[in-house]
Structure formats: C-alpha cells, structure tokens
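These figures come from a predicted structure and were not determined experimentally.
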Amino acid sequence: MCGIVGYIGTQSASSILLEGLRQLEYRGYDSAGIATVWEDKIDLVRAKGKLYNLQTKLEGHDLQGTVGIGHTRWATHGKPEEHNAHPHVDMSRRVAVVQNGIVENYRELRDGLKQRGYEFVTETDTEVIPNLVAERLDEMRAGGEWVTLVSPLTEAVRRVVNDLHGAFAIAVLCADYPDEIVVARQQAPLIIGFGQGEFFCASDTPAVLPYTNAIVPLENGELATLTPLGVEIYSFAGDRLKRHPHILTTTTSVSEKQGFRHFMLKEIYEQPSVVRACLDAYLHPDWTPDSPHSPIRLPLPSTFYDQLEQVQIVACGTSWHAALVGKYLLEQLAGIPTQVHYASEFRYAPPPLTAHTLLIGVTQSGETADTLSAISMEKERRTGLSEAFAPRLLGITNRMQSTLTRLVDQAIDTHAGIEIGVAATKTFMAQLMAFYCLTLDLAYQRQTLPSDRLAEIVATLRQLPMQLEATMPQQERVVEQLAHDFAETQDFIFLGRGINFPIALEGALKLKEISYIHAEGYPAGEMKHGPIALLDAKVPVVAIAMPGHVYEKVLSNAQEAKARDALLIGVTPSADPHATELFDTILPVALVDELLSPILSVIPLQLLAYHIAARRGLDVDQPRNLAKSVTVE
Ligand code: M6R
C-alpha cells in the first residue's frame with residue numbers, strides 16, 4: 001500500500017528511483033512521482049495513473065541530481081489525481097516528502113498550520129509533513145539551535161514524527177541539506193540498503209536488491225539519516241542506535257512473465273511446484289508409520305504444543321480463507337478448538353483471554369497492517385501474565401524478512417516465491433500447505449490420528465503436484481469456453497460445504513477482485529435460508545462437489561438451484577453419472593481424499609476468474625483500487 005524509495009550516492013538518482021518504483025508498483029498504482037535535489041532546489045515530476053505515465057513524463061524532463069525520493073501511490077486521502085501524487089512539498093518548496101501510511105491527526109495539524117499562514121494545495125494527509133518540517137527548521141534557525149546540530153534536518157523530522165499519530169513510513173528531502181535523506185518508520189515497513197558509497201531506502205527489498213543485499217530494516221519508532229558517507233539511526237527520542245546490516249540470501253526481485261500473458265496466469269501454473277516446494281521443505285522424505293518421529297519437520301519448539309488447548313487465527317482476505325481451511329483441519333484432524341478472526345475486527349473486539357492458546361497470524365506479505373496490529377495487541381495483553389496465558393505467536397508468511405517475522409516467536413515460510421499478481425493465487429496454495437503440515441504435526445504429537453490414516457494423508461499429499469499438473473490444461477480449456485459465455489454476466493454464486501466452503505469464498509473473491517463481477521460465496525446448505533431468492537436463469541451457480549461425506553448434500557443443494565433455473569457449473573471429478581447429469585458444465589478435478597480436496601478445487605476457480613477478467617480486457621495483474629500489500633488499517 002504505497003511504495004516509497006530513496007537514493008543517495010554518485011549515480012543519477014532518477015533512473016534508480018524509477019526502477020525501484022517498478023519493483024514496488026504492486027503496492028499501489030494510482031499515481032507515481034520522483035523528487036531530486038539539484039542545484040539547491042527541489043525538482044519534481046509526478047503523474048497520475050500507472051508508472052509508465054511517469055516514465056513518459058520523465059522522458060521530456062531532465063531530472064538531474066544524485067539524491068532523490070520516489071513514490072507509487074494507493075490513494076487513501078484525496079482522489080488519485082496528479083496534484084495529490086507524492087512527493088509532496090512544503091509551501092516554499094524547500095522540503096519534499098513521500099509517505100506510506102496515514103497521518104490520523106492530519107486535520108488538526110493542518111488547521112494549526114493554516115492558522116499560522118501555511119497554504120495547502122492537495123487533499124492528502126501527507127502534505128502536513130513537509131510543511132511541519134519546514135516550520136521546525138525555521139524555528140530552529142530562528143532560535144540559533146541548528147548551529148549546534150549535526151543534522152538539523154534529522155532533528156526537524158524527529159520533532160515532527162513525534163507529533164504524528166497513525167502508521168507511517170516517510171522519506172524526507174530538503175533543498176537546504178542536499179546531501180541528506182531522512183527516513184522514519186512507525187508501523188509501516190521501511191528498509192535501508194547499504195551499497196558502496198551509496199545508500200537506499202525502500203518499502204520492500206526488491207527495490208534495492210539490484211544494487212545491494214546488505215540491509216537494515218528500521219523498527220517502529222526509529223529514524224535514520226542517509227548521507228553519501230553512511231547511515232545514522234536514532235530512536236524517536238533522539239538516542240543514537242547501533243544496527244548491523246544483514247545479508248539477504250534470497251533473490252526477491254520481480255521476475256518475468258515467461259511467455260504467459262499475465263503474472264497471475266503464470267502464478268496459477270506455478271502451483272504444482274509450490275506444493276512440491278512445501279513438501280520438500282516440511283515432509284520427512286523417508287517417513288513411514290514406523291518412524292520414531294513426526295512425518296513433518298517444522299521450525300516449531302515443543303513449547304508451542306505443550307498443553308495446547310486452543311488456536312486463534314488472525315488474517316485478512318485470501319489469507320483469512322486459508323485460515324478457515326486451517327480451522328477445519330486443526331479441529332477435525334488434531335482435535336484443537338480453533339477460532340478464525342478477521343484481523344481488523346480482532347484488534348477492537350478481542351475474545352476473552354484463554355489459557356494455553358496459540359495465536360497464528362497468516363499473511364503472505366507479512367506487512368498487512370490489520371494483521372500486524374492484531375498480533376501486537378495480543379502480544380501486549382498477554383505479556384507479563386502467568387505461564388498459562390503467556391503469548392505463543394506463530395506466523396505463516398511468504399516473506400521471511402517481513403515485519404511479521406520480527407513480531408512473532410516463530411514463522412513458517414510458505415516457499416511460494418514472489419507473487420506479482422495482486423490477486424493471491426500461489427501464496428494461498430502455499431498457506432494451505434502450511435496448514436496441512438502444521439495440522440499433521442499436531443495430530444502426530446497429540447496422537448489424534450491413527451498412524452495408517454496419517455500415512456494415507458502423507459502419501460496423498462505426495463501425489464498432489466502430479467495430479468495438479470495433469471488436470472490444469474483440461475480445466476483451462478473448459479474455463480476458456482465458460483469465460484466466453486459469462487464475460488458479461490453480472491452476478492455469480494459459489495457454493496461449497498465443509499472444507500470446501502472457504503474455497504467457495506475464495507472463488508467469489510477472485511472473481512470480484514479481477515473481473516469486477518459481483519459474486520457471493522455461500523455454504524451450500526445455507527442457500528435455502530435466504531440467498532436462494534437471488535437465483536434465476538441469469539445467475540450462474542458454481543458448486544464445489546468433491547466426493548466425501550457432504551458430497552450428496554452438495555448435489556442436493558445444487559439441484560435446488562437448478563430447480564430455480566440457475567445454470568450449474570460443477571467443480572467435481574467427472575466420473576459420477578449423477579453429477580454429469582446435474583451440471584450444465586463440469587470443471588474437472590482429480591478424485592482425491594476429501595480432506596485434501598481444497599488444493600485441487602481452488603485452481604479451476606482461479607482460472608475461471610482469470611479468463612473472465614482477461615476476456616473483459618481488464619488489467620488482471622493490477623486490478624483497480626487494490627494493492628498487494630495493505631499497510632494501512
Ligand atoms: O498479505 P496478506 O496475505 O496479509 O494480504 C491479505 C489480503 O489483503 C489479501 O489476501 C487480499 O485479499 C488479496 N488481494 C487477495 O487476492
């Protein structure tokens with residue numbers, strides 16, 4: 001949610017910043033902009049819309065300078081227009097600021113500045129920051145204070161951030177201090193990259209990885225001064241802090257589409273490999289029921305399992321759907337009562353404290369503000385309590401360098417590789433795999449599954465990558481025809497029961513996100529209690545009917561929809577004559593143990609959303625109004 005980047009060194013800043021923004025565009029694409037300091041002035045280029053608009057503008061503007069900051073925006077305050085694009089400058093155009101986050105008390109700050117004669121030209125919350133920095137600098141100059149300070153700009157920013165409420169990461173440039181960038185972090189991600197005589201800051205590592213893999217992530221309540229000579233880090237209280245850069249071993253830079261029309265389609269097709277990668281990481285390769293250990297190797301200490309009585313999961317969006325599958329598994333296979341909360345609700349209405357409880361935060365980005373806040377709140381309210389109530393915090397994430405991993409006690413890496421498409425696909429699959437592995441481990445430790453059943457599940461898991469690879473081309477052929485038929489449809493219903501109910505929710509979310517078609521996911525048995533009134537011949541119903549203990553029930557629910565003239569699409573293995581007769585179209589999936597069926601059933605739904613959106617000519621990888629990493633609450 002907004003990407004910020006900064007560069008100070010000896011090279012031309014604008015091209016490095018533009019490339020950095022390209023790596024961060026997944027964070028927002030409402031507008032983009034770059035500011036540099038050149039000949040003691042701020043030079044600024046901004047453009048509405050995607051990054052290529054900024055690039056085009058830069059071709060006609062010689063933006064010089066070896067120090068600069070850049071921004072790609074996901075609009076919160078103020079429409080996505082050029083005048084609201086970052087960087088924002090103060091009234092005298094001496095200070096430029098980029099921000100990722102929200103200044104919650106901006107109205108009060110702006111009113112105060114207005115009364116003191118400052119003028120505003122945007123509707124953003126950010127515009128108060130450069131004006132406050134300029135005001136603090138003027139005050140320091142007037143009081144003669146600045147003479148004694150190593151970096152007056154740092155001190156001015158320090159004073160300003162102490163007055164800001166909310167979650168934010170900022171980078172500040174000042175024409176009067178052309179050899180400095182000052183950055184600050186409060187609940188929004190910010191890393192500093194250490195090069196040879198050049199330094200970087202960014203919201204995420206891909207922006208700096210082409211230049212350096214030595215990074216320091218700033219912590220909440222820290223600010224830093226970047227100069228061509230080095231980096232100094234301070235607390236918001238002004239204390240100097242020591243940090244040693246650590247070396248990133250992963251290559252997280254944005255990859256190519258490799259012949260696929262969109263990243264999303266490429267990522268859908270990567271899912272068999274993702275399942276394989278998770279199995280390689282977490283399954284003991286030669287485990288048998290006679291082995292004296294769990295089939296799963298996870299980085300979890302036994303203290304997580306000791307006397308475990310309850311699991312609570314916090315997550316948002318697609319990660320919340322993965323968590324619902326996790327709940328089903330943890331309760332049905334490992335016998336652990338599990339609650340799944342929307343992270344944004346948990347923080348403000350937490351359930352009563354329970355003893356021996358494991359809190360799991362699920363977030364592919366590891367930066368979702370709602371999820372991080374929920375975990376922080378839980379950590380805080382449990383800290384200092386007796387052993388039984390002490391926090392046990394587990395993260396499930398695709399970004400092991402994220403804020404999440406620094407907040408929790410342990411994290412499970414989902415090994416999906418970087419996901420560019422804003423709609424989550426392969427990271428969802430990897431989250432499911434994490435829940436399967438966690439559950440099997442817990443089931444083994446708690447002895448809730450007979451060993452032959454455990455062995456059966458492990459053997460089935462090993463078959464999955466091949467089964468997925470075998471069915472995807474066939475599914476895609478059917479989906480292409482459906483996309484042709486339903487490209488102009490206005491409403492869709494997705495039905496599932498049991499472990500496939502969350503998959504119905506996920507299928508509906510994917511369709512909404514990228515095709516902008518209204519879709520509802522519903523537990524199939526609940527339809528008759530109200531939503532069935534929506535059905536007619538114009539509303540297609542997608543029913544996930546995987547053989548198992550609710551199979552017949554789902555078929556009956558689909559039959560009820562058919563009786564209301566709905567067009568029926570079945571996600572089902574095609575062998576059953578009852579199903580072939582009932583459904584108008586079958587999206588075929590391999591026949592598999594019902595407990596593992598979500599891994600198979602979700603893929604045709606992802607393909608359906610993808611092909612409908614592509615046929616409608618929409619921007620599949622960067623759907624309107626969305627961002628890959630939602631760092632505001
Ligand atoms: O990074 P996270 O997994 O925490 O993200 C949570 C949601 O914002 C995310 O799943 C969102 O719903 C996606 N656009 C889903 O495709």
Side-chain angles (χ1 to χ4, degrees), residues 250 274-275 277-287 291-315 319 322-341 343 354-364 366 371-372 374-376 378-379 382-383 385 387-416 427 429-449 451 454 457-458 461:
T250 46
V274 169
V275 173
C278 292
L279 295 177
D280 287 349
Y282 298 127
L283 263 194
H284 275 291
D286 37 19
W287 182 84
S291 303
H293 55 76
S294 164
I296 304 295
R297 42 180 183 195
L298 279 175
L300 305 185
S302 60
T303 50
F304 268 45
Y305 299 141
D306 292 345
Q307 298 175 296
L308 184 58
E309 285 173 12
Q310 200 182 121
V311 169
Q312 287 175 348
I313 312 179
V314 289
S319 297
L324 290 179
V325 175
K327 169 187 164 72
Y328 190 99
L329 295 171
L330 288 164
E331 292 191 335
Q332 303 306 315
L333 296 186
I336 308 171
T338 302
Q339 296 174 18
V340 179
H341 301 268
T354 48
H356 305 297
T357 299
L358 175 65
L359 182 83
I360 307 179
V362 190
T363 158
Q364 63 79 23
T371 307
L372 296 178
I375 299 169
S376 302
E378 188 64 359
K379 189 173 183 170
R382 284 181 179 268
T383 300
L385 299 185
E387 189 53 36
F389 289 89
R392 303 180 194 192
L393 307 174
L394 172 66
I396 295 180
T397 185
N398 202 39
R399 301 301 295 274
M400 290 301 277
Q401 275 87 36
S402 62
T403 307
L404 174 83
T405 58
R406 300 200 296 283
L407 191 60
V408 295
D409 305 314
Q410 290 287 331
I412 300 179
D413 184 351
T414 55
H415 293 286
T427 52
M429 180 64 78
Q431 290 169 345
L432 294 186
M433 291 304 295
F435 274 115
Y436 279 102
C437 293
L438 177 65
T439 305
L440 291 182
D441 200 23
L442 282 164
Y444 174 86
Q445 312 287 353
R446 298 162 70 90
Q447 301 183 357
T448 51
L449 275 184
S451 59
L454 198 56
I457 297 175
V458 168
L461 274 172

*Given the rule in the side chain to side chain donor-acceptor pair (under 3.5 Å) test, do Tyr305 and Asp441 qualify, once you have shown the distances and angles that lead to the verdict?*
CA-CA 10 Å; Tyr305 299 141; Asp441 200 23; 2.5 Å; yes
Measure the [atom1]-[atom2] distance between [X] and [Y] for me, rounded to the nearest 0.5 Å.
X	Y	atom1	atom2	result
Arg392	Leu300	CZ	CG	12.0 Å
Leu330	Gln310	CG	CD	11.5 Å
Phe435	Leu440	CZ	CG	13.0 Å
Leu394	Ile375	CG	CD1	9.0 Å
Leu279	Ile296	CG	CD1	8.5 Å
Leu372	Thr363	CG	OG1	6.5 Å

Over all atoms of both residues, closest heavy-atom pair of [X] and [Y]:
X	Y	result
Thr414	Ala434	CG2-CB, 4.2 Å
Ile336	Thr338	O-OG1, 2.8 Å
Ala443	Ala334	N-CB, 4.0 Å
Glu309	Pro337	O-CD, 3.4 Å
Thr357	Leu308	C-CD1, 4.3 Å
Ala277	His415	CB-O, 4.0 Å

*Could you tell me which residues satisfy side-chain contact (heavy atoms from CB on, under 4.5 Å) with Tyr444, sequence neighbours excluded, listed by chain and number?*
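Applying side-chain contact (heavy atoms from CB on, under 4.5 Å) to Tyr444 gives Ser294, Pro295, Leu454.
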*Which residues share a side-chain contact (heavy atoms from CB on, under 4.5 Å) with Glu378, sequence neighbours left out*: Gln312, Phe346, Leu353, Leu359, Arg381, Arg382
*Side-chain contact, heavy-atom cut-off 4.5 Å: Pro391 with Thr383?*
yes
*Side-chain touch Ser402/Gln364, heavy atoms, less than 4.5 angstrom*: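 Of all side-chain heavy-atom pairs linking Gln364 with Ser402, none is under 4.5 Å.
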*Begin with the C-alpha distance, continue with both residues' side-chain angles, and end with the deciding distance and a verdict on side chain to side chain contact (heavy atoms under 4.5 Å, CB included) for Met433 and Leu461.*
CA-CA 9 Å; Met433 291 304 295; Leu461 274 172; 4.0 Å; yes
If we ignore hydrogens and angles and just use 3.5 Å, is the side chain of [X] paired with the main-chain N or O of [Y] as donor and acceptor?
X	Y	answer
Asn398	Ala416	yes
Ser291	His293	no
Lys379	Leu393	no
Thr405	Met400	yes

_Test side chain to side chain contact (heavy atoms under 4.5 Å, CB included) on Leu438 and Ile360; report intermediate values, then the result._
CA-CA 11 Å; Leu438 177 65; Ile360 307 179; 3.7 Å; yes
*Apply side chain to side chain contact (heavy atoms under 4.5 Å, CB included) to Ile457 and Leu333, showing your working.*
CA-CA 11 Å; Ile457 297 175; Leu333 296 186; 4.2 Å; yes
*Only pairs at least two apart or in different chains count here, so list each salt bridge (Lys or Arg N to Asp or Glu O under 4.0 Å) that has a residue in residues 327-341.*
Lys327-Glu331
